Amino acid sequence: MANQLIENKLKLLPEQPGCYLMKNINSTVIYVGKSKNLKNRVRSYFKSKQVGRRAELVKEIADFDIITVTSDKESFLLEITLIKKYQPYYNVQLKQGTGYPYIEITNEKDPQTRLTSIVHKDNGYYFGPYPNVYAAQATLRFIQKVWPLRRCSGHQGRPCLYYHMGQCLGACFQEVPRSKYEAQIAKIKRFLNGDIGQVKQELTEKMQLASSNLEFERAAEIRDQLRYIEQTVEKQKIISNDHTQRDIFNFYVDKSWISVQIFFLRQAKLLRRETKMFPLMDLSEPKDEFMSFIVQFYNQKNRILPKEILVPKGLDNDNLSEVLGVKVRTPQRGTKRDLLKMAKDNAKLKLDEKFRLLELGNRKTKGAQAEIFKALGLPYGSIIESFDHSHIQGTDPVSACVVFKDGEPFKTAYRKYKLKGEVEHQNGADEVGNTREVVRRRYSRMLKEHTRLPDLILMDGGQIQVDACLDVLRNELNCDIPVAGMVKDNHHHTNHLIFGDPINGKPLELIPMNPKSEGFYLMTRIQDEVHRFAITFHRQTHAKNSLSSKLDGIKGIGPKSRNKLLKKFGSLKKIKDASIEELQDAGLTLPQAQSVKLTL
């Protein structure tokens with residue numbers, strides 16, 4: 001049910017095109033959408049039953065804003081601008097770029113070939129992206145050997161190593177004619193565009209010549225190069241009679257999700273494909289979300305627009321063409337229409353596969369988490385947080401928090417804490433004090449920032465940690481998150497949970513877990529994960545503190561000099577191995593450098 005502020009604003013919505021920004025309780029923009037009729041679209045979020053991810057979104061909406069425009073094109077462009085600006089959680093999260101590398105021929109006086117992940121508007125030549133990173137690296141090495149440009153930094157006054165190996169045209173020590181570069185670049189471009197016939201012919205002739213001259217090693221090397229060309233320049237069936245660069249988009253919708261399939265046609269061949277799947281925020285207009293996806297897809301740094309984009313019927317092709325600046329059309333017959341159908345079939349196949357895998361995975365993840373909540377007599381909760389402490393005889397105490405969402409690690413929510421660690425006695429740390437400190441810091445901040453609290457806290461310890469956690473939550477923070485402890489037996493194996501709420505009249509009791517159940521496996525997995533995370537963080541902290549203390553003990557080395565050494569070398573071994581000159585290069589005086597060498 002919408003709050004009164006939203007109810008009042010809904011009455012004022014205009015029947016105009018524009019964008020809407022949904023906000024949470026902290027006024028953070030969590031979703032951006034567009035519509036031809038803002039009144040109908042925005043009202044639909046609050047006046048009809050929602051399912052899936054859209055239901056999650058509506059739960060979090062505390063307010064909204066609108067921006068009206070005069071045309072669909074303006075709403076397209078504004079939506080993309082707002083998504084880039086606010087990075088809303090519930091919008092399609094398209095990463096910048098594909099993560100695939102390109103091979104670039106740089107636009108420089110002395111050009112070079114190299115791998116890059118970002119396409120710049122610098123008039124360089126870009127080929128790719130290549131889904132197989134290792135193949136791209138190997139392809140680049142092959143090009144650099146067969147058609148060298150520049151491999152060195154240039155202008156060294158002497159030939160570089162690559163020049164002696166025949167992999168550099170000599171910009172390191174001489175002026176290379178532009179015509180020489182252009183001849184090589186033309187061959188590289190033909191090769192990367194899939195025209196390997198001439199290359200194979202040239203290499204075959206060289207191989208035969210080497211063989212007739214009894215240069216068998218050279219012949220074998222060329223033979224290997226020929227085989228490599230066949231492996232790296234992927235052979236694809238010719239699917240069209242022209243060489244227009246095309247991208248083909250189609251989609252399939254089921255169970256509030258949309259699956260988008262993209263085919264990339266280059267040199268009349270199907271070069272590669274990509275699949276993107278995401279939950280729909282607007283079930284009534286999946287075509288709108290599909291069109292927004294296409295615009296977002298190309299509104300990234302290393303996306304190269306093709307000459308033509310093919311889409312299914314029912315979209316506003318003219319609007320898409322105008323926004324993207326390339327021709328967008330729907331084929332009516334022939335091979336291109338068949339490819340469009342194949343894209344839809346593949347989109348359906350991928351989405352069906354996702355649902356089958358989710359069903360199987362949920363039995364071991366969400367189902368396992370449900371077992372833990374059921375064993376504790378609690379309604380199902382999505383978020384479990386767990387804490388563990390680590391220290392060495394009370395020194396450098398730290399705590400770690402891991403988060404599991406529906407039975408899976410939610411690593412972006414993990415947190416590390418350096419503790420004050422009031423020492424209880426000479427040989428140990430104050431477990432109660434550490435627990436109280438980290439629980440207080442974690443949940444006071446979450447309450448202050450109105451962040452969603454977990455549905456269950458699992459402490460990696462027995463009653464002592466559970467009591468400390470409950471005391472802070474109930475008596476200091478007035479917070480009612482359920483807390484359970486993972487209790488170990490004499491063999492250090494977790495075999496049950498301890499659970500209750502004595503402060504509210506529910507005594508702690510032992511809850512057995514079936515050691516063969518998925519819930520038990522999840523519980524031990526959470527315990528292992530929080531222990532690993534805490535130990536790893538403690539080792540890093542202790543090593544850094546130990547190194548700092550050793551450097552502080554050297555005569556003449558103060559905090560500034562210590563930091564210079566840490567920044568330059570990073571480890572004690574590297575500092576010990578450094579020469580007097582290298583220590584001076586790091587910013588030490590000669591007496592300081594000598595003192596470090598003598599002491600270490």
Side-chain angles (χ1 to χ4, degrees), residues 98 100-106 110-117 124-154 159-174 176-240 243 245 264-273:
T98 62
Y100 300 142
Y102 290 79
I103 291 178
E104 176 190 6
I105 304 173
T106 61
D110 294 295
Q112 59 181 319
T113 48
R114 66 185 181 191
L115 283 187
T116 181
S117 59
Y125 299 108
Y126 293 89
F127 299 87
Y130 296 95
N132 187 324
V133 177
Y134 302 106
Q137 292 169 340
T139 301
L140 177 64
R141 286 195 296 271
F142 174 80
I143 290 168
Q144 289 169 337
K145 287 178 182 177
V146 179
W147 303 290
L149 298 176
R150 171 173 63 86
R151 287 291 301 271
C152 60
S153 58
C160 68
L161 175 63
Y162 290 114
Y163 178 78
H164 291 298
M165 295 168 62
Q167 296 180 31
C168 180
L169 291 182
C172 36
F173 75 101
Q174 64 183 358
V176 180
R178 185 67 195 174
S179 59
K180 198 168 183 179
Y181 281 128
E182 287 174 351
Q184 295 288 70
I185 289 171
K187 293 175 183 176
I188 295 169
K189 287 167 69 176
R190 280 202 305 270
F191 173 75
L192 290 175
N193 279 323
D195 182 4
I196 63 174
Q198 184 176 344
V199 173
K200 289 180 70 174
Q201 182 180 344
E202 289 177 3
L203 288 176
T204 301
E205 289 171 359
K206 287 182 181 179
M207 180 179 68
Q208 291 170 346
L209 179 62
S211 181
S212 63
N213 290 335
L214 305 182
E215 297 173 356
F216 298 118
E217 288 186 8
R218 174 64 177 154
E221 182 183 330
I222 298 172
R223 178 202 63 202
D224 291 340
Q225 289 175 353
L226 279 165
R227 287 179 181 169
Y228 184 70
I229 287 174
E230 292 175 352
Q231 292 170 7
T232 55
V233 183
E234 189 175 350
K235 288 184 175 179
Q236 293 284 354
K237 181 183 176 184
I238 299 291
I239 59 168
S240 128
H243 285 208
Q245 294 182 355
F264 301 87
L265 273 65
R266 301 294 184 269
Q267 296 298 312
K269 302 171 186 177
L270 180 57
L271 179 66
R272 63 186 182 88
R273 70 178 188 179

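Numbering of residues begins at 1 and proceeds along the displayed sequence. Everything quoted here is computed from the prediction, not taken from an experiment.
- With respect to T113, the side chain to side chain contact (heavy atoms under 4.5 Å, CB included) criterion is satisfied by exactly one of I143, T139, I185: I143.
- Taking each heavy atom of P148 and Q167 in turn, the nearest pair found is CB-C, 3.4 Å.
- With values rounded to the nearest 0.5 angstrom, Q112 atom CD is found 9.5 Å from R151 atom CZ.
- For the residue pair L149 and P111, the shortest heavy atom distance occurs at CB-O, 3.3 Å.
- Under the 4.0 Å criterion applied to side-chain N and carboxylate O atoms, K206 and E202 are not assigned as salt-bridge partners.
- Scored by the side-chain contact (heavy atoms from CB on, under 4.5 Å) test, L161 finds M165 as partners (sequence neighbours excluded).
- Ring geometry for W147 versus F142: interplanar angle over 60°, hence perpendicular rather than tilted (30 to 60°).
- Using a 4.5 Å heavy-atom cutoff, the side chains of Y125 and K189 are in contact.
- Take Q208 and apply the side-chain contact (heavy atoms from CB on, under 4.5 Å) test, not counting sequence neighbours, and it matches T204.
- Taking each heavy atom of C152 and C172 in turn, the nearest pair found is SG-CB, 3.4 Å.
- For the pair L169/Y181, a side-chain contact is recorded, criterion being any heavy-atom separation below 4.5 Å from C-beta on.
- In terms of the ring pair (Phe, Tyr, Trp, His ring centres under 6.0 Å) criterion, residue partners of Y163 (sequence neighbours excluded) are, by chain and number, F173.
- Annotation: the span from E205 atom CD to M207 atom CE amounts to 10.5 Å, rounded to 0.5 Å.
- Side-chain atoms of R114 never come within 3.5 Å of backbone atoms of E104 as a donor-acceptor pair (strictly under, hydrogens ignored).
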